[in-house]
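To start, the structure under review is shown below, and the notes come after it.
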Amino acid sequence: MILIKNLIFDFGGVIYDIDFESARKSFVEIGINNFEEIYSQAVQSKLFEMFECDLISVEDFRNEIRILSDKNVSARELDLAWNSLLVGFKPDRISLLEKAKDRYQIFLLSNSNRIHYDYYIMEFQELTNYNSFDELFIRSFFSFNIKLRKPDINVYKHL
(Lines give C-alpha, C1' and ligand atoms only; values in the text may rest on other atoms or scores of the structure.)
Protein backbone atom coordinates (compact mmCIF):
# COMPACT_ATOMS: atom_id res chain seq x y z
CA MET A 1 0.00 0.00 0.00
CA ILE A 2 1.30 3.44 -0.95
CA LEU A 3 1.08 5.99 1.82
CA ILE A 4 0.57 9.53 0.54
CA LYS A 5 2.19 12.12 2.79
CA ASN A 6 2.37 15.22 0.62
CA LEU A 7 -0.06 16.98 -1.68
CA ILE A 8 0.93 19.70 -4.13
CA PHE A 9 -1.81 22.08 -5.21
CA ASP A 10 -1.85 24.37 -8.21
CA PHE A 11 -3.31 27.82 -7.65
CA GLY A 12 -5.00 29.22 -10.76
CA GLY A 13 -8.02 27.19 -11.82
CA VAL A 14 -7.76 24.94 -8.77
CA ILE A 15 -7.80 27.08 -5.62
CA TYR A 16 -8.47 30.37 -7.35
CA ASP A 17 -10.85 30.89 -10.27
CA ILE A 18 -9.52 32.62 -13.37
CA ASP A 19 -11.20 33.82 -16.58
CA PHE A 20 -9.06 34.06 -19.70
CA GLU A 21 -11.89 35.53 -21.76
CA SER A 22 -12.32 38.43 -19.36
CA ALA A 23 -8.61 39.21 -19.63
CA ARG A 24 -8.76 39.03 -23.43
CA LYS A 25 -11.67 41.47 -23.50
CA SER A 26 -9.93 43.86 -21.10
CA PHE A 27 -6.78 43.90 -23.22
CA VAL A 28 -8.78 44.44 -26.41
CA GLU A 29 -10.32 47.47 -24.68
CA ILE A 30 -6.86 48.98 -24.20
CA GLY A 31 -5.85 48.28 -27.79
CA ILE A 32 -4.36 44.80 -27.94
CA ASN A 33 -6.64 43.05 -30.41
CA ASN A 34 -4.53 39.89 -30.72
CA PHE A 35 -4.19 39.23 -26.99
CA GLU A 36 -5.21 35.55 -27.31
CA GLU A 37 -2.20 35.05 -29.61
CA ILE A 38 0.22 36.21 -26.92
CA TYR A 39 -1.63 35.00 -23.83
CA SER A 40 -4.27 32.33 -23.29
CA GLN A 41 -4.81 29.24 -21.19
CA ALA A 42 -2.87 27.22 -23.77
CA VAL A 43 -0.25 29.73 -24.98
CA GLN A 44 1.87 32.40 -23.33
CA SER A 45 4.44 34.43 -25.21
CA LYS A 46 7.99 34.81 -23.90
CA LEU A 47 6.99 38.15 -22.37
CA PHE A 48 4.58 36.47 -19.95
CA GLU A 49 6.93 33.57 -19.29
CA MET A 50 9.74 36.00 -18.44
CA PHE A 51 7.41 38.00 -16.21
CA GLU A 52 6.27 34.86 -14.37
CA CYS A 53 9.93 33.99 -13.72
CA ASP A 54 10.72 37.52 -12.54
CA LEU A 55 13.22 37.94 -15.37
CA ILE A 56 11.72 41.33 -16.21
CA SER A 57 10.44 43.95 -13.81
CA VAL A 58 6.82 44.99 -13.40
CA GLU A 59 7.60 48.27 -15.17
CA ASP A 60 9.36 46.49 -18.07
CA PHE A 61 6.32 44.22 -18.40
CA ARG A 62 4.00 47.22 -18.53
CA ASN A 63 6.24 48.94 -21.10
CA GLU A 64 6.22 45.86 -23.33
CA ILE A 65 2.42 45.77 -23.15
CA ARG A 66 2.37 49.47 -24.08
CA ILE A 67 4.52 48.67 -27.13
CA LEU A 68 2.12 45.88 -28.14
CA SER A 69 -0.87 48.18 -27.76
CA ASP A 70 0.87 51.18 -29.33
CA LYS A 71 -0.88 53.25 -26.67
CA ASN A 72 0.38 55.12 -23.64
CA VAL A 73 -1.79 53.21 -21.19
CA SER A 74 -1.37 54.01 -17.50
CA ALA A 75 0.06 51.49 -15.06
CA ARG A 76 -3.32 51.38 -13.33
CA GLU A 77 -5.17 50.60 -16.59
CA LEU A 78 -2.67 47.86 -17.44
CA ASP A 79 -2.89 46.32 -13.99
CA LEU A 80 -6.70 46.41 -14.08
CA ALA A 81 -6.71 44.68 -17.48
CA TRP A 82 -4.16 42.11 -16.35
CA ASN A 83 -5.97 41.47 -13.06
CA SER A 84 -9.31 41.00 -14.85
CA LEU A 85 -8.08 37.44 -15.33
CA LEU A 86 -8.53 36.93 -11.60
CA VAL A 87 -12.03 35.90 -10.51
CA GLY A 88 -11.56 34.92 -6.88
CA PHE A 89 -11.36 32.33 -4.15
CA LYS A 90 -14.13 29.96 -3.32
CA PRO A 91 -14.42 29.67 0.50
CA ASP A 92 -15.17 25.94 0.20
CA ARG A 93 -11.77 25.41 -1.42
CA ILE A 94 -10.02 27.08 1.51
CA SER A 95 -12.01 24.82 3.86
CA LEU A 96 -10.96 21.79 1.82
CA LEU A 97 -7.31 22.84 2.10
CA GLU A 98 -7.66 23.26 5.85
CA LYS A 99 -9.05 19.73 6.09
CA ALA A 100 -6.31 18.36 3.84
CA LYS A 101 -3.72 20.11 6.05
CA ASP A 102 -4.87 17.94 8.96
CA ARG A 103 -3.98 14.74 7.07
CA TYR A 104 -1.19 15.70 4.69
CA GLN A 105 1.68 18.08 4.24
CA ILE A 106 0.26 20.47 1.65
CA PHE A 107 2.26 22.65 -0.71
CA LEU A 108 1.32 25.31 -3.23
CA LEU A 109 3.01 25.52 -6.64
CA SER A 110 1.94 28.18 -9.10
CA ASN A 111 3.01 30.02 -12.21
CA SER A 112 2.27 33.59 -11.25
CA ASN A 113 3.63 37.11 -11.24
CA ARG A 114 4.02 40.06 -8.91
CA ILE A 115 1.02 42.05 -10.18
CA HIS A 116 -1.36 39.14 -9.69
CA TYR A 117 0.18 38.14 -6.38
CA ASP A 118 -0.31 41.62 -4.91
CA TYR A 119 -3.97 41.42 -5.93
CA TYR A 120 -4.89 37.96 -4.67
CA ILE A 121 -2.82 38.01 -1.46
CA MET A 122 -4.95 40.93 -0.23
CA GLU A 123 -8.08 38.98 -1.11
CA PHE A 124 -6.69 35.91 0.68
CA GLN A 125 -5.97 37.94 3.81
CA GLU A 126 -9.45 39.49 3.80
CA LEU A 127 -11.17 36.12 3.25
CA THR A 128 -9.17 34.09 5.77
CA ASN A 129 -7.36 34.48 9.07
CA TYR A 130 -4.03 33.93 7.30
CA ASN A 131 -1.48 36.63 6.55
CA SER A 132 0.38 34.53 3.98
CA PHE A 133 0.00 31.33 2.01
CA ASP A 134 2.79 29.78 4.07
CA GLU A 135 0.49 29.85 7.08
CA LEU A 136 -1.87 27.45 5.28
CA PHE A 137 0.69 25.45 3.30
CA ILE A 138 3.95 23.90 4.47
CA ARG A 139 5.45 26.12 1.79
CA SER A 140 4.18 28.05 -1.20
CA PHE A 141 6.20 28.23 -4.40
CA PHE A 142 5.42 30.96 -6.92
CA SER A 143 7.28 31.04 -10.20
CA PHE A 144 8.23 34.70 -9.77
CA ASN A 145 9.92 33.86 -6.44
CA ILE A 146 11.78 30.75 -7.55
CA LYS A 147 12.43 31.95 -11.13
CA LEU A 148 11.14 28.65 -12.53
CA ARG A 149 7.78 27.80 -14.03
CA LYS A 150 5.76 24.72 -14.82
CA PRO A 151 6.03 22.51 -16.79
CA ASP A 152 9.85 22.81 -16.67
CA ILE A 153 11.16 19.75 -14.85
CA ASN A 154 13.47 21.98 -12.79
CA VAL A 155 10.51 23.52 -10.96
CA TYR A 156 9.61 20.07 -9.61
CA LYS A 157 13.22 19.34 -8.68
CA HIS A 158 13.29 22.65 -6.80
CA LEU A 159 10.12 21.76 -4.93
Side-chain angles (χ1 to χ4, degrees), residues 4-27 32 35-62 64-65 75-159:
I4 297 172
K5 296 178 183 178
N6 304 303
L7 297 176
I8 303 169
F9 289 91
D10 191 7
F11 187 68
V14 176
I15 296 169
Y16 194 92
D17 285 342
I18 52 179
D19 183 353
F20 290 93
E21 180 59 17
S22 180
R24 186 196 66 76
K25 287 178 183 176
S26 293
F27 275 94
I32 302 174
F35 186 70
E36 67 276 356
E37 294 173 19
I38 60 170
Y39 189 84
S40 70
Q41 187 170 5
V43 176
Q44 288 96 40
S45 74
K46 283 290 184 197
L47 171 63
F48 294 91
E49 290 178 9
M50 289 173 53
F51 189 44
E52 286 184 344
C53 289
D54 202 39
L55 299 176
I56 61 171
S57 69
V58 169
E59 196 52 42
D60 287 344
F61 174 76
R62 290 177 183 137
E64 290 297 321
I65 296 294
R76 178 166 164 64
E77 289 173 303
L78 288 172
D79 290 358
L80 286 172
W82 186 222
N83 284 338
S84 70
L85 176 80
L86 306 174
V87 175
F89 289 97
K90 297 282 192 230
D92 62 327
R93 293 181 192 156
I94 302 296
S95 297
L96 179 67
L97 291 168
E98 289 172 330
K99 289 176 187 169
K101 182 180 178 180
D102 291 339
R103 293 188 60 201
Y104 306 97
Q105 293 189 102
I106 62 172
F107 298 84
L108 179 61
L109 176 62
S110 181
N111 291 341
S112 193
N113 60 80
R114 293 187 185 283
I115 294 172
H116 283 168
Y117 181 86
D118 289 346
Y119 182 89
Y120 56 68
I121 189 64
M122 286 191 310
E123 185 180 352
F124 180 71
Q125 292 166 341
E126 290 172 6
L127 182 67
T128 70
N129 292 323
Y130 302 110
N131 291 313
S132 74
F133 290 106
D134 286 340
E135 291 179 17
L136 177 59
F137 297 92
I138 296 295
R139 183 139 178 233
S140 56
F141 298 88
F142 291 95
S143 59
F144 69 91
N145 282 334
I146 61 174
K147 299 190 182 345
L148 298 166
R149 68 186 300 278
K150 299 176 289 174
D152 184 338
I153 188 72
N154 290 319
V155 77
Y156 301 102
K157 290 178 181 178
H158 179 85
L159 183 99

Charged N to carboxylate O below 4.0 Å: is that the case for K101 and E98?
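Result for this pair is no, no salt bridge flagged.
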Salt bridge flag under 4.0 Å for residues R93 and D17
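D17 and R93: salt-bridged.
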Smallest separation among heavy atoms of [X] and [Y], with atom names:
X: L85; Y: A23; value: CB-CB, 3.9 Å
X: D152; Y: Y156; value: O-CD1, 3.6 Å
X: C53; Y: K147; value: O-CG, 3.3 Å
X: I4; Y: L7; value: CG2-CD2, 3.9 Å
X: L127; Y: P91; value: CD1-CG, 4.2 Å

Nearest 0.5 Å, please: how far is [atom2] in [Y] from [atom1] in [X]?
X: Q105; Y: I138; atom1: CD; atom2: CD1; value: 4.5 Å
X: D102; Y: L97; atom1: CG; atom2: CG; value: 11.5 Å
X: L109; Y: L148; atom1: CG; atom2: CG; value: 9.5 Å
X: R139; Y: I106; atom1: CZ; atom2: CD1; value: 15.0 Å
X: L86; Y: D19; atom1: CG; atom2: CG; value: 10.0 Å
X: R149; Y: S112; atom1: CZ; atom2: OG; value: 10.5 Å

Are F144 and F51, when compared by the centres of their aromatic rings, separated by less than 6.0 Å?
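Distance test on ring centres: not under 6.0 Å, no.
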I want to know whether W82 and F61 have ring centres closer than 6.0 Å.
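For W82 and F61, the ring centres are under 6.0 Å apart.
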I would like to know whether R76 and D79 meet side chain to side chain contact (heavy atoms under 4.5 Å, CB included); could you show each step before the answer?
CA-CA 5 Å; R76 178 166 164 64; D79 290 358; 5.9 Å; no
Does [Y] offer a backbone N or O that forms a donor-acceptor pair with the side chain of [X] under 3.5 Å?
X: D134; Y: S140; answer: yes
X: S143; Y: E52; answer: yes
X: S26; Y: S84; answer: no
X: E135; Y: N131; answer: yes

Side chain to side chain contact (heavy atoms under 4.5 Å, CB included) evaluation trace for I65 with F48
CA-CA 10 Å; I65 296 294; F48 294 91; 4.0 Å; yes
Mind checking whether [X] and [Y] have side chains closer than 4.5 Å, heavy atoms only?
X: I56; Y: L47; value: yes
X: F142; Y: N111; value: no
X: L108; Y: I15; value: yes

Just to verify, which of F137, F141, F89, Y117 counts as forming a ring-ring contact (aromatic ring centres under 6.0 Å, His included) with F11?
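Among F137, F141, F89, Y117, the one meeting ring-ring contact (aromatic ring centres under 6.0 Å, His included) with F11 is F89.
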Please name the residue in the list Y16, F124, F9, F107 that meets the ring-ring contact (aromatic ring centres under 6.0 Å, His included) test with F133.
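Answer to the ring-ring contact (aromatic ring centres under 6.0 Å, His included) test with F133 among Y16, F124, F9, F107: F124.
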Could you walk me through whether I146 and D54 pass side chain to side chain contact (heavy atoms under 4.5 Å, CB included), step by step?
CA-CA 8 Å; I146 61 174; D54 202 39; over 6 Å; no
N6 vs Y104, test: side chain to side chain contact (heavy atoms under 4.5 Å, CB included). Steps then yes/no.
CA-CA 5 Å; N6 304 303; Y104 306 97; over 6 Å; no
Taking CG in D92 as the centre, count heavy atoms belonging to other residues, nucleotides or ligands within less than 6.0 Å. Is the count above 12?
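Above 12, so yes.
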Could I get the full list of side-chain hydrogen bond (donor to acceptor under 3.5 Å, both in side chains) partners for K25, not counting sequence neighbours?
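Checked K25 against side-chain hydrogen bond (donor to acceptor under 3.5 Å, both in side chains); zero matches.
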